[in-house]
Amino acid sequence: MHCHATTTDLSLTEQKTAEHLAEGQRVITVALAGQPNVGKSTIFNMLTGLNQHVGNWPGKTIEQKVGTYHHNGFLVRIVDLPGTYSLTANSPEERIARDFIIRERPDVVVAIVDAASLERNLYLVAELLCLPVPVVVGLNMVDVAEMQGMRIEPHVLQAALGLPVVPMVASKNQGLRELMETVDAVVRGQIPLHPCPPEIRADHREVLDELGRLIHGYVPEPYPETWVALKLLEGDSEITEMMRRQLPPDRWDQVDRLLRQHEDAILAVAGGRYDWIARMIRAAVTRPRAGQITLTDRLDQVATHPLWGFLLLLVIMGAAFWLTYTIGTPIQDWLDVHVVQAGAAVVRARLQRAPVWLVGLLADGVLGGAGTVLTFLPILILFFALFGLLEDVGYMARAAYVMDRFMHLMGLHGKSFLPLFLGFGCNVPAVMGARIIEDRRARLLTIQLAPLVPCTARMAVVVFLTPAFFGRQAALVAWGLVAINLAVLAVGGVLLNRILFKGVHTAFIMELPLYHIPNARTIGLQVWQHTTAFLRKAGSIILIISVIVWALSVLPTGELETSVLAWVGRGLAPLGRLMGMDWRMVVALLASFVAKENAIAALGVLYGTGREAVGLAETMAATVPASSALAFLVVEMLFIPCMATVATIRQETQSWRWTLLNILLLLFVSLAAGIVIYQVVKVVLSPQSLVLGP
Amino acid sequence: MGGSKTIALNGLPAGQRGIVRELQGGHRFISRLAVLGFTPGTEVLMVRNPGRGPLIVQVRDTRIALGLGEARRIFVSPSADGNRE
């Protein structure tokens with residue numbers, strides 16, 4: 001029955017393509033489908049290189065990647081579908097993938113499967129076969145499968161599936177050309193497809209037929225009837241809702257009654273698919289003897305051990321930070337001196353005859369604001385590269401597993417650890433990274449907590465100020481500040497979960513992929529995408545705000561002391577006094593809303609050491625008591641997220657209420673912490689603060 | 001151990017195999033697990049079971065981490081021959 005429907009529609013597609021070619025239109029659309037962790041993005045990147053566009057699926061916060069390549073006179077438009085285990089409406093990703101295939105009818109669907117876990121991977125292929133599109137199977141990672149002792153005969157698998165099967169090792173650039181050629185041949189109708197999709201287990205066959213009769217003639221275009229019947233039986237919420245609206249009430253009642261009698265039919269459907277897969281595997285795969293110990297098993301002995309795994313994670317995180325800052329900080333300093341400051345000097349020298357305001361705008365507003373932000377790029381790139389490496393190797397899933405127990409205390413599970421970890425680099429990708437969490441509540445909570453992770457920009461402020469104020473204890477103070485943030489994150493997580501979500505538990509089900517050798521190109525492209533996103537932001541939003549803040553700091557008199565910004569800072573001085581801060585520190589905090597590291601630049605201007613931050617820390621240490629400095633740092637670390645993060649939170653939550661909640665929450669927490677720290681430290685260190693005090 | 005006795009998955013010690021017999025829970029939960037291969041009759045191998053916190057099982061050549069709450073709703077009958085070498 002399914003076979004019949006599929007072949008009819010296939011011939012339609014061939015006709016459609018033939019028309020395209022006749023008119024001289026040589027654009028074809030290929031959808032790239034696959035389960036998570038099958039190397040799909042590596043293949044997408046290999047095929048398209050930098051000819052790709054990353055955006056969002058319309059109306060969704062799910063990443064959409066579209067790229068192109070030329071081959072044999074075709075312009076191939078390749079759409080990377082979200083990685084999904086199946087095509088049921090269990091998640092928005094699955095809906096997107098199947099809606100695209102059904103509504104857009106791509107010329108070919110390329111299904112990438114991981115040869116090393118072929119059994120589970122063919123499940124998605126089994127689902128794709130029920131849809132009216134030609135499918136080409138890319139059998140990836142055959143080298144890993146061989147390392148595991150599995151032997152797969154692609155020709156036998158091809159004959160059994162009735163679909164072209166292309167063996168590949170994408171990470172080594174093997175099989176990509178063959179894949180492109182197979183896609184061409186399918187589009188030109190040179191390869192006959194005789195797919196034979198799986199059947200439901202025998203005990204549910206009658207029910208399925210009955211459902212098919214009941215809905216016959218009522219299924220809206222472009223959905224295939226047999227597929228809709230199957231999805232109804234699977235209990236697919238979206239299709240059920242669609243048919244409830246389409247069917248006359250009495251028919252719907254009959255369908256509904258039938259479905260209620262067979263609520264566990266998903267097990268028969270999934271079981272039927274796995275029976276079908278077992279037949280394919282039996283034909284095409286020779287398996288190793290059971291009990292073989294693989295590299296992944298050996299590594300996981302340590303990496304997933306409750307104690308050793310946790311210690312390993314700490315070591316890896318420590319090493320990642322150490323590398324990032326050891327290599328990144330000198331580069332950042334160098335850029336600050338030789339690009340930003342030297343650039344400002346050049347501007348001043350060249351534009352001696354230009355109006356003062358223009359020189360100020362360029363030197364202090366553009367270079368001093370947005371330019372300084374850009375000097376952090378090397379640190380960010382390093383962190384993104386290390387994160388990408390850990391992810392590509394397969395380690396990050398283990399980190400999530402090890403952290404699950406701790407995340408549970410906050411009503412989250414292990415997966416939330418990944419975006420939060422990314423937050424140590426920059427909070428913007430952390431908020432976006434929360435997309436990997438299926439459950440909406442857990443995702444919202446992760447987004448609320450992400451800004452509490454101290455990012456590189458805030459650490460830069462800490463590293464800059466602590467040595468002057470705390471001398472030998474600087475490192476200790478810096479670690480203490482990080483610890484405060486993480487403690488607030490933990491306590492905040494527990495409380496928010498109790499108050500907002502009533503402590504609801506979310507299911508933790510996560511695949512641990514096999515470890516494999518990282519692919520430089522995949523990591524490189526990921527870093528490139530993160531970086532260009534940051535650059536675009538720095539070129540637009542950060543630049544505009546830098547200029548606005550600069551304008552507020554010189555308007556209306558041209559002097560900072562009498563500027564609008566100073567007026568605002570003085571207005572807030574009573575609040576600052578509770579934390580031991582004068583109006584200048586309050587203004588610096590306000591400026592850090594634009595970008596956290598702006599606090600340094602603002603203090604530089606306000607404490608009158610000029611643009612060069614040289615000597616600023618020392619100047620401040622001479623006039624500001626240590627207790628005030630500590631309060632300032634605590635507030636800076638916990639303060640409202642920077643503007644870019646706020647904009648990202650709005651974009652990801654699609655809600656001003658959640659965004660506003662985050663701002664108010666962090667405002668309250670940071671000010672409360674600042675007041676408490678100042679008042680306590682003042683009492684404890686009272687003789688010292690008298691000595692250092694103004 | 002008799003093949004007919006069923007226990008919750010979290011009762012299966014590391015290194016032991018069992019056959020999935022029943023899944024309990026909401027439709028979405030059952031659907032997600034069935035798709036990953038936890039269908040009745042499937043053999044699973046317990047890879048890591050620390051007693052507290054999440055555990056790792058191997059099913060259909062894939063290692064899956066499951067929270068304790070999830071493991072409690074999967075019922076298996078332990079294989080009689082235990083750890084096959």
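Within every chain, numbering begins at 1; the chains are lettered A, B, ... in the order of the sequence lines, protein sequences first and strands thereafter. Just the heavy atoms: all of them, side chains too, but no hydrogens, waters or symmetry mates, feed the values below. Keep in mind that what you see is a predicted model, and the values were worked out from it rather than measured.
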Report the C-alpha distance between B:Arg60 and A:Ile277 in whole Å, list the side-chain angles of each, state the deciding distance to 0.1 Å, and finish with yes or no for side-chain contact (heavy atoms from CB on, under 4.5 Å).
CA-CA 11 Å; B:Arg60 301 185 193 272; A:Ile277 291 167; over 6 Å; no
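- From A:Thr304, atom OG1 reaches atom CZ of B:Arg63 across 9.5 Å, with rounding to the nearest 0.5 Å.
- The distance from atom CG of A:Asp264 to atom OG of B:Ser31, rounded to the nearest 0.5 Å, is 12.5 Å.
- Of the two parts of B:Ile56, the backbone and the side chain both hold a non-hydrogen atom closer than 4.5 Å to a non-hydrogen atom of chain A.
- Closest of all the heavy-atom pairs between B:Val35 and A:Tyr274 is O-OH, 2.6 Å.
- The candidate with the highest count of non-hydrogen atom pairs below 4.5 Å against chain A, out of B:Gln58, B:Arg52, B:Arg48, is B:Arg48.
- Of the residues considered (B:Leu36, B:Thr42, B:Leu68, B:Ile64), B:Leu36 shows the highest number of contacts with chain A, using heavy-atom pairs under 4.5 Å.
- Looking at A:Asp300, the atoms closer than 4.5 Å to chain B (heavy atoms on both sides) sit in the backbone and in the side chain alike.
- Using a 4.5 Å cut-off between heavy atoms, A:Ile281 does not touch chain B at all.
- For chain A, the nearby part of B:Leu33 is the side chain; its heavy atoms alone come within less than 4.5 Å.
- Nearest approach of A:Leu267 to B:Ala34, heavy atoms of both residues: CD2-CB, 3.9 Å.
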So B:Ile30 and A:Ile266, side-chain contact (heavy atoms from CB on, under 4.5 Å) or not? Walk me through it.
CA-CA 8 Å; B:Ile30 292 181; A:Ile266 174 67; 4.0 Å; yes
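- Formation of a donor-acceptor pair under 3.5 Å by the B:His27 side chain with backbone atoms of A:Glu234 is found in this model.
- Most heavy-atom pairs under 4.5 Å with chain B: of the set A:Met510, A:Gln301, A:Glu511, this distinction falls to A:Met510.
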Evaluate the criterion side-chain contact (heavy atoms from CB on, under 4.5 Å) for residue pair A:Met150 and B:Asp61; output intermediate values, then yes/no.
CA-CA 11 Å; A:Met150 289 167 81; B:Asp61 291 332; 4.2 Å; yes
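- For the set B:Pro40, B:Gly53, B:Pro54, the entry with the most heavy-atom pairs within less than 4.5 Å of chain A is B:Pro54.
- Residue A:Ala116 touches chain B through its backbone alone, counting heavy-atom pairs closer than 4.5 Å.
- If you measure heavy-atom distances from A:Glu263 to chain B, the contacts under 4.5 Å come from the backbone alone.
- Counting heavy-atom pairs under 4.5 Å between each of A:Ala507, A:Pro513, A:Ala270 and chain B puts A:Ala507 at the top.
- Looking at A:Arg120, its side chain never comes within 3.5 Å of a backbone N or O of B:Thr62 through a donor-acceptor pair.
- Using a distance-only test at 3.5 Å, with no hydrogens or angles considered, no donor-acceptor pair links the side chain of A:Tyr401 to the main chain of B:Leu66.
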